[in-house]
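Notes to accompany the following structure.
Below, each value reflects all heavy atoms present in this structure, side chains not excepted, and no hydrogens, waters or symmetry copies.
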Amino acid sequence: MTPNTLEAYRLFHKGIEAFALAERQGIRIDVDYYEQKIEKLQKRIERLEKKFYNTNFFKHWQHTTKSKVNINSDTQLRRYLYGVKKIEPIYATESGEGSTDEKALKQLQIPEIDDLLRIRKLKKIKSTYLEGFLRESVNGYIHPSFDLHWVRTYRGSSRNPNFQNIPKRDKEAMQICRKGLYPRPGHRLLEIDFSKLEVSIAACYHKDPMMLKYLTSDSSDMHGDMAQQIFKIKKLDKSKPSHNTLRAAAKNGFVFPQFYGDYYGNNALSLACDWGKLPNGRWKGGQGIELENNHLSDHLIKHGIKSIKSFIEFMKEVEKDFWYNRFPTYQEWKEKWWKYYQKNGYIDMLTGFRCKGVMSRNDCINYPVQGAAFHCLLWSFIKLTEIMVEEKWETKLIGQIHDAIVFDAHPDELDYILKVVKKVTTQELPEQWKWIIVPLSVDADIGEIDGSWAEMKNLDF
DNA sequence: GGAACTCGCCAC
DNA sequence: AAACGTGGCGAGTTCC
């Protein structure tokens with residue numbers, strides 16, 4: 001695994017130097033806040049544990065176990081549920097054991113297990129994030145390492161602590177974890193991320209006309225179109241919350257998984273799971289989100305999809321249409337790319353990096369996209385760091401999350417920084433790399449002066 | 001008593 | 001033909 005061209009080598013060399021500056025700068029943290037929050041969480045966890053110990057579920061579990069039960073042990077839980085109680089596991093792990101992850105446990109519909117999952121969630125927040133931050137803090141700052149020498153796709157990684165997986169979607173976890181991360185006194189946190197970067201970079205490889213159209217025209221909407229097709233609605237109306245839910249479901253339950261190489265069977269099941277029609281493949285009316293006095297499930301039944309089986313068959317057709325009618329050139333590219341690897345034993349990225357070794361079909365399709373997309377971020381990160389040093393900014397780059405850069409910004413420099421960021425990311429980058437044939441765009445989130453990372457607002461610029 | 005492993009879960 | 005890509009990390013368990 002090496003950069004295959006001088007250009008690729010230089011990108012990583014400069015990347016390491018730029019990351020070193022960000023690492024030295026670090027991210028300010030509120031140590032007192034985390035210490036107090038850990039104590040509070042610990043008390044909440046103990047209360048929940050006490051409650052759980054009083055349930056019949058736990059008492060029976062302990063009764064059937066010789067040694068003292070550790071409720072944090074998935075191994076012990078697995079033995080109890082699937083061994084002692086002989087419940088049929090919903091699905092298995094990689095190694096063939098019955099799964100005890102959240103999704104599998106929820107489907108067992110045992111009320112006491114909800115307590116267990118709640119405890120699991122709080123412990124994750126406390127140990128991985130809060131205690132991790134404190135362990136790594138030096139004089140009120142954490143200094144995550146940003147590495148460029150681990151990842152198979154030539155992406156970056158982060159550790160000690162990992163700055164790239166701090167909770168965001170789960171509101172409660174996000175608040176707790178990010179509330180103690182700050183800019184330097186008097187500054188504002190600023191996060192810039194590329195919009196739909198991987199989809200755009202994929203298009204630079206396959207050049208599918210329909211995809212290029214989606215990425216170039218403001219009026220077209222790929223996820224909206226897929227929502228219409230999957231959920232059989234005539235016209236997606238973005239002013240309706242229910243339609244936005246369906247659009248998000250199409251995006252996260254079909255389009256993105258398909259890009260990563262998933263197939264209709266998984267898509268159908270996970271979509272159906274989301275609106276609660278499983279387990280047992282039972283397809284009932286009166287479920288799923290409300291659509292004009294109608295539940296999604298009734299709506300689909302009315303349109304001839306009367307069982308989970310027929311939904312799977314339907315999604316099979318949707319998939320076929322997606323690849324062979326909507327994006328045929330993308331489909332051909334995937335086949336061509338996979339064949340090329342099988343013949344030559346390697347594939348080259350648009351940025352001059354070579355992937356070799358044992359790779360699956362999905363790997364061949366994903367690696368070049370994932371890598372080159374990150375290299376767009378990296379190139380921008382380097383360029384902005386160079387300008388920062390050259391112009392002696394008070395503002396500093398302090399971190400990177402695959403397609404996003406985090407700044408610790410001086411308020412007086414903010415307008416200027418935003419102008420430079422936009423120029424570098426959307427103009428200079430495509431000028432530098434002529435293979436970028438789609439418009440790139442960036443989005444900004446900004447915190448208050450002395451505001452934490454938990455309270456960021458979208459910024460028009 | 002530590003290394004290696006599995007599992008679960010957070011991000012993109 | 002195959003069947004979701006990349007990481008880091010904590011906790012528990014098993015192996016030596």
Side-chain angles (χ1 to χ4, degrees), chain A residues 67 69-79 91-105 116-117 119-133 135-136 144-170 173-174 176-178 191 193-199 201-202 252-270 312 315-316 319 334-335 338-339 342 355 359-371 373-374 377 399-404 406:
Chain A
S67 52
V69 166
N70 179 352
I71 61 168
N72 302 317
S73 165
D74 294 326
T75 314
Q76 293 179 28
L77 180 62
R78 180 177 301 114
R79 282 180 196 142
Y91 48 84
T93 65
E94 180 72 33
S95 73
E97 303 286 341
S99 172
T100 57
D101 68 13
E102 183 179 3
K103 221 171 123 211
L105 291 180
L116 209 53
L117 291 172
I119 293 168
R120 209 189 249 181
K121 198 148 255 169
L122 295 176
K123 283 199 166 164
K124 166 89 177 174
I125 294 170
K126 174 172 169 274
S127 60
T128 302
Y129 298 105
L130 309 198
E131 290 173 352
F133 293 160
R135 188 170 54 245
E136 296 296 337
S145 300
F146 294 100
D147 294 322
L148 288 174
H149 60 289
W150 296 116
V151 182
R152 296 171 61 84
T153 62
Y154 299 100
R155 255 195 186 180
S157 64
S158 166
R159 64 201 173 110
N160 302 337
N162 185 347
F163 186 63
Q164 299 179 319
N165 73 346
I166 300 167
K168 187 167 189 178
R169 288 165 209 157
D170 180 321
M174 185 278 273
I176 297 172
C177 295
R178 295 189 177 214
E191 189 169 346
D193 72 301
F194 281 98
S195 327
K196 46 187 167 15
L197 184 60
E198 287 199 5
V199 176
I201 297 310
N252 300 318
F254 178 77
V255 178
F256 280 150
Q258 281 285 332
F259 287 159
Y260 284 137
D262 201 1
Y263 87 118
Y264 64 89
N266 286 340
N267 301 152
L269 252 46
S270 78
I312 294 171
M315 288 305 293
K316 184 175 179 178
E319 183 190 271
K334 294 199 295 183
E335 299 309 331
W338 172 226
K339 281 213 175 80
Q342 288 177 301
C355 297
M359 286 192 275
S360 71
R361 183 179 186 276
N362 282 344
D363 292 340
C364 285
I365 292 156
N366 286 321
Y367 287 10
V369 175
Q370 200 180 92
F374 168 66
L377 187 283
Q400 162 267 123
I401 313 168
H402 306 304
D403 68 351
V406 182

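Residues A:Glu198 and A:Arg155 are paired through a salt bridge, judged by an N-O separation under 4.0 Å between the basic side chain and the carboxylate.
Under a 3.5 Å cut-off, the side chain of A:Asp147 and the backbone N or O of A:His149 do not form any donor-acceptor pair. Distance alone, capped at 3.5 Å, is enough to place a donor-acceptor pair between the A:Arg178 side chain and the A:Ile166 backbone. A side-chain donor-acceptor contact under 3.5 Å links A:Asn366 to the backbone of A:Tyr260.
One atom, NZ of A:Lys334, and another, C1' of C:dG5, lie 13 Å apart when rounded to the nearest Å. Atom-to-atom, CG of A:Leu77 to P of C:dA11 comes out at 18 Å; the value is rounded to the nearest Å. Distance A:Phe256 CZ to B:dA11 C1': 15 Å, rounded to the nearest Å. Atom CE in A:Met359 sits about 14 Å away from atom C1' in C:dT6, given to the nearest Å. Distance A:Asp403 CG to C:dG7 P: 17 Å, rounded to the nearest Å. The interatomic distance linking A:Tyr154 (OH) with C:dG7 (P) rounds to 12 Å, in whole Å. What separates CZ of A:Phe194 from P of B:dA11 is a distance of 22 Å, to the nearest Å. At whole-Å resolution of the value, CD in A:Glu198 and P in B:dA11 are 16 Å apart.
For A:Arg79, taking side-chain heavy atoms from C-beta onward, the closest of the listed nucleotides B:dA11, B:dC7, C:dT14 is C:dT14. The side chain of A:Arg152 approaches C:dG7 more closely than any other nucleotide in the set C:dC9, C:dG7, B:dC12. Considering only side-chain atoms of A:Lys121, the nucleotide from B:dT6, B:dC10, C:dT6 that sits closest is B:dC10. Among B:dC10, C:dC9, C:dC4, the nucleotide with an atom closest to any side-chain atom of A:Asn165 is B:dC10. The side chain of A:Asp363 lies closest to C:dT6, out of C:dT6, C:dA3, C:dG8. Of the listed nucleotides (C:dC9, C:dG5, B:dC7), C:dG5 has the atom at the smallest distance from the side chain of A:Asn366. Among the nucleotides C:dC4, B:dC7, C:dT13, the one closest to the side chain of A:Asn266 is C:dC4. Closest to the side chain of A:Ile401, from the set C:dG12, B:dC10, B:dC12, is B:dC12. Closest to the A:Arg120 side chain, of the nucleotides B:dC9, B:dC10, B:dC12, is B:dC9. Taking the side chain of A:Arg361 as heavy atoms from C-beta on, and the options C:dA1, C:dA3, C:dG12, the nearest nucleotide is C:dA1.
Using a 4.0 Å heavy-atom criterion, one finds that A:Glu131 contacts no nucleic acid atom at all. The residue A:Ile365 sits apart from the nucleic acid: no heavy atom pair falls under 4.0 Å. Among the protein residues, A:Gln258 comes within range of no part of the nucleic acid, since none of its heavy atoms lies under 4.0 Å from any strand. When heavy atoms are screened at a 4.0 angstrom cut-off, A:Asp193 is found touching no nucleic acid atom at all.
Between A:Arg78 and the phosphate of B:dG8, there is a side-chain N or O to OP1/OP2 separation shorter than 4.0 Å. For the OP1/OP2 pair of B:dC10 and a distance below 4.0 Å, the side-chain nitrogens and oxygens of A:Arg178 include no atom meeting the criterion. Distances shown here put every side-chain N or O of A:Gln164 at or beyond 4.0 Å from the OP1 or OP2 atom of C:dC9. Under 4.0 angstrom from either OP1 or OP2 of C:dG12 there lies at least one side-chain N or O belonging to A:Asn72. Contact check, A:Ser157 against C:dG8: a side-chain N or O comes under 4.0 Å of OP1 or OP2. Distances shown here put a side-chain N or O of A:Thr93 below 4.0 Å from the OP1 or OP2 atom of B:dC7. Taking side-chain N and O atoms only, A:Thr100 has a distance below 4.0 Å to OP1 or OP2 of B:dG8. Contact check, A:Lys168 against B:dC12: a side-chain N or O comes under 4.0 Å of OP1 or OP2. Taking side-chain N and O atoms only, A:Tyr367 has a distance below 4.0 Å to OP1 or OP2 of C:dT6. For A:Ser99 and B:dG8, the shortest distance from a side-chain N or O to OP1 or OP2 is below 4.0 Å. Between A:Asn162 and C:dC9 there is no side-chain N or O to OP1 or OP2 distance below 4.0 Å.
Between A:Tyr260 and C:dG5, a base-stacking contact is recorded: ring centres under 5.5 Å apart, planes less than 30° from parallel.
Going from atom CZ of A:Arg78 over to atom CD of A:Gln76 covers 11.0 Å, rounded to the nearest 0.5 Å. Rounding to the nearest 0.5 Å gives a distance of 7.5 Å between OH of A:Tyr129 and CG of A:Asn162. Here A:Ile365 contributes atom CD1 and A:Gln370 contributes atom CD; the two are 13.5 Å apart, rounded to the nearest 0.5 Å.
Counting non-hydrogen atoms of other residues, nucleotides and ligands closer than 6.0 Å to NZ of A:Lys316 gives a total of 12 or fewer.
Side-chain atoms of A:Arg155 and base atoms of B:dC12 include a donor and an acceptor less than 3.5 Å apart. Between the side chain of A:Gln370 and the base of C:dG5, at least one donor-acceptor pair of N or O atoms lies under 3.5 Å. Not a single donor-acceptor contact under 3.5 angstrom links the side-chain atoms of A:Lys124 to the base of B:dC10.
Residue order along DNA chain C, read from the 5' end via each residue's closest nucleotide, puts A:Ser158 first among A:Ser158 and A:Ser73.
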